[in-house]
Visitor: 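Okay, handing you the structure first.
We number each residue from 1, following the sequence as shown. Everything numeric here is computed off the predicted structure, so don't read it as measured data. In listed order, ligands and their atoms are each counted from 1.
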Amino acid sequence: MIEVIKSVDDLARQKYDLFVPTMGALHAGHQSLIKLAKEKSDQVLVSIFVNPLQFENKDDLAKYPKTLEADLKLAELAGAAAVFAPSYEDIYPGEITKIEAGAIGDLYEGKSRGDHFSGVLTVVKRLFDLTRPAAAIFGEKDFQQLFLIKQMVKQLNLPIEIIAAPIIREVDGLAMSSRNVRLDEAGRKSALIISKALNKDSISDMHEVLATEPGFTLDYLEVIDEETFLPATVNTKNKRAIIAGWVNGVRLLDNKRMGSSL
Ligand code: AMP
């Protein structure tokens with residue numbers, strides 16, 4: 001059976017090479033991160049903590065799926081050595097010193113979700129302090145999050161390698177997400193429009209595709225420069241289209257590397 005670490009004191013006695021932070025409700029996307037970690041070391045630690053600080057929408061927080069027993073099984077099957085499932089007090093003992101996410105943290109996801117990235121960086125820094133891994137793996141699914149975590153690690157000079165893992169999709173193209181279980185059948189179909197749009201080569205074609213699906217409400221569609229996370233220009237080498245929106249009131253996001261045209 002996989003080891004479940006429930007207290008900070010127990011964690012302090014252990015050393016793990018690879019760390020995969022999650023909010024639980026694990027799926028094949030999370031498992032791919034754990035498998036990638038396991039290829040590099042047997043000492044893989046997964047954390048499961050639904051971080052209230054990064055939820056601007058209290059309803060979204062209340063509805064966030066919680067499936068600990070199934071998560072332990074999925075983490076074990078993917079190769080994790082242990083799961084750290086801390087309490088709120090473990091993560092936030094006393095007053096919280098927040099990490100600021102800076103200018104990029106206010107764009108896109110940050111614009112729609114207030115203090116979201118400050119909440120993300122604050123919990124990730126705290127988890128890094130507690131788990132002290134050599135490397136941590138994050139999914140490209142949350143591309144802006146990945147960018148901001150890399151930026152934080154650089155700015156604070158943390159001795160942790162950040163490894164990016166590709167987006168895992170359902171067979172029909174929908175990016176896997178813990179929130180997908182909240183879509184009804186019609187919503188599940190509407191959500192497919194996001195990955196369909198991302199298969200186009202230009203931003204105008206993407207807008208055209210998205211506009212054909214009345215069940216999808218667009219928040220933003222942008223082509224960004226992967227190095228700066230600012231809108232891509234003619235000089236941008238690596239471009240990525242990023243999309244976020246809502247289906248059935250469920251927030252969905254996705255992204256894809258783009259070719260050279262805008
Ligand atoms: P979450 O539990 O949603 O906070 O996600 C935990 C980690 O899993 C983050 O690094 C996510 O980017 C990553 N992740 C979530 N969904 C996917 C996916 N479909 N493919 C790859 N990574 C993912």
Visitor: Can you list the ligand 1 atoms lying under 4.0 Å from a non-hydrogen atom of G139?
Guide: 9 (C), 10 (O), 11 (C), 12 (O), 13 (C), 22 (N)
Visitor: Number the atoms of ligand 1 from 1 as they appear, then name those within less than 4.0 Å of a heavy atom of K141, with their elements.
Guide: 16 (N), 17 (C), 18 (C), 23 (C)
Visitor: Counting neighbours of CD on E185 that are heavy atoms of other residues, nucleotides or ligands and sit closer than 6.0 Å, is the number greater than 12?
Guide: no
Visitor: List every atom of ligand 1 that sits less than 4.0 Å from any heavy atom of I167, numbering the atoms from 1 in the order shown and giving each element.
Guide: 20 (N), 21 (C)
Visitor: Which is closest to atom 15 (C) of ligand 1 in terms of heavy atoms, E170, H27, Q145?
Guide: H27
Visitor: Can you find an N or O of H30 that's nearer than 3.5 Å to an N or O of ligand 1?
Guide: yes
Visitor: Report the part of E140 (side chain from C-beta onward, or backbone N, CA, C, O) that has a heavy atom under 4.0 Å from ligand 1; answer both or neither where that applies.
Guide: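 Looking at E140 and ligand 1, no heavy atom falls under 4.0 Å.
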Visitor: At the 4.0 Å heavy-atom cut-off, does R169 count as touching ligand 1?
Guide: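 No, R169 has no heavy atoms under 4.0 Å from ligand 1.
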Visitor: Heavy atom of P166 under 4.0 Å from ligand 1?
Guide: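 Checking ligand 1 against P166, which is what was asked, there is a heavy-atom contact under 4.0 Å.
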Visitor: Taking NZ, NE, NH1 and NH2 as the nitrogens, is one of them in D10 or K6 under 4.0 Å from a carboxylate oxygen of the other?
Guide: no
Visitor: Students often mix this up, so state it plainly: with edges at 30° and 60°, are the rings of Y88 and F49 parallel, tilted or perpendicular?
Guide: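 Aromatic pair Y88/F49 classed tilted.
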Visitor: Looking only at protein heavy atoms, which one is nearest to atom 12 (O) of ligand 1, and what is the separation?
Guide: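 Here the nearest protein heavy atom works out to D142 OD2, 2.6 Å.
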Visitor: For ligand 1, note which part of L146 has a heavy atom under 4.0 Å away: side chain, backbone, both or neither.
Guide: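 Under 4.0 Å from ligand 1, L146 contributes no heavy atoms.
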Visitor: Parallel, tilted or perpendicular: which one describes the rings of F128 and F19, with boundaries at 30° and 60°?
Guide: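 The rings of F128 and F19 stand perpendicular, inter-plane angle above 60°.
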Visitor: Counting only heavy atoms not in K66, do more than 12 sit closer than 6.0 Å to its NZ atom?
Guide: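 Enclosed: over 12 neighbouring heavy atoms sit under 6.0 Å from NZ of K66.
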Visitor: Quick check on contacts: which atoms of ligand 1 are under 4.0 angstrom from a heavy atom of M176?
Guide: 16 (N), 17 (C), 18 (C), 19 (N)
Visitor: We want to know whether N51 and Y64 form a side-chain donor-acceptor pair, criterion being a heavy-atom distance below 3.5 angstrom.
Guide: no
Visitor: Between K38 and D42, does any NZ, NE, NH1 or NH2 come within less than 4.0 Å of an OD or OE carboxylate oxygen?
Guide: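 The answer is yes: the pair qualifies as a salt bridge.
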Visitor: Would you mind finding which of F143, F138, Y64, F49 brings a heavy atom closest to atom 3 (O) of ligand 1?
Guide: Y64
Visitor: Considering the heavy atoms of M23, write down every atom of ligand 1 situated less than 4.0 Å from one of them.
Guide: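 Under 4.0 Å from M23, ligand 1 has these atoms: 1 (P), 2 (O), 4 (O).
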Visitor: Before signing off on this row, confirm whether S32 and ligand 1 have an N or O atom pair separated by under 3.5 Å.
Guide: no
Visitor: Out of V20, I34, I168, indicate the one that has the non-hydrogen atom closest to atom 18 (C) of ligand 1.
Guide: I168
Visitor: For K141, is there any backbone N or O sitting under 3.5 Å from a side-chain donor or acceptor partner on N255?
Guide: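 A pair under 3.5 Å: yes.
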Visitor: I need the minimum non-hydrogen distance between P21 and L127, along with the two atoms involved.
Guide: CB-CD1, 4.3 Å
Visitor: Among R126, R132, K125, which residue meets the salt bridge (charged side-chain N to carboxylate O under 4.0 Å, His left out) test with D129?
Guide: K125
Visitor: Number the atoms of ligand 1 from 1 as they appear, then name those within less than 4.0 Å of a heavy atom of P21, with their elements.
Guide: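 Close to P21: 6 (C), 7 (C).
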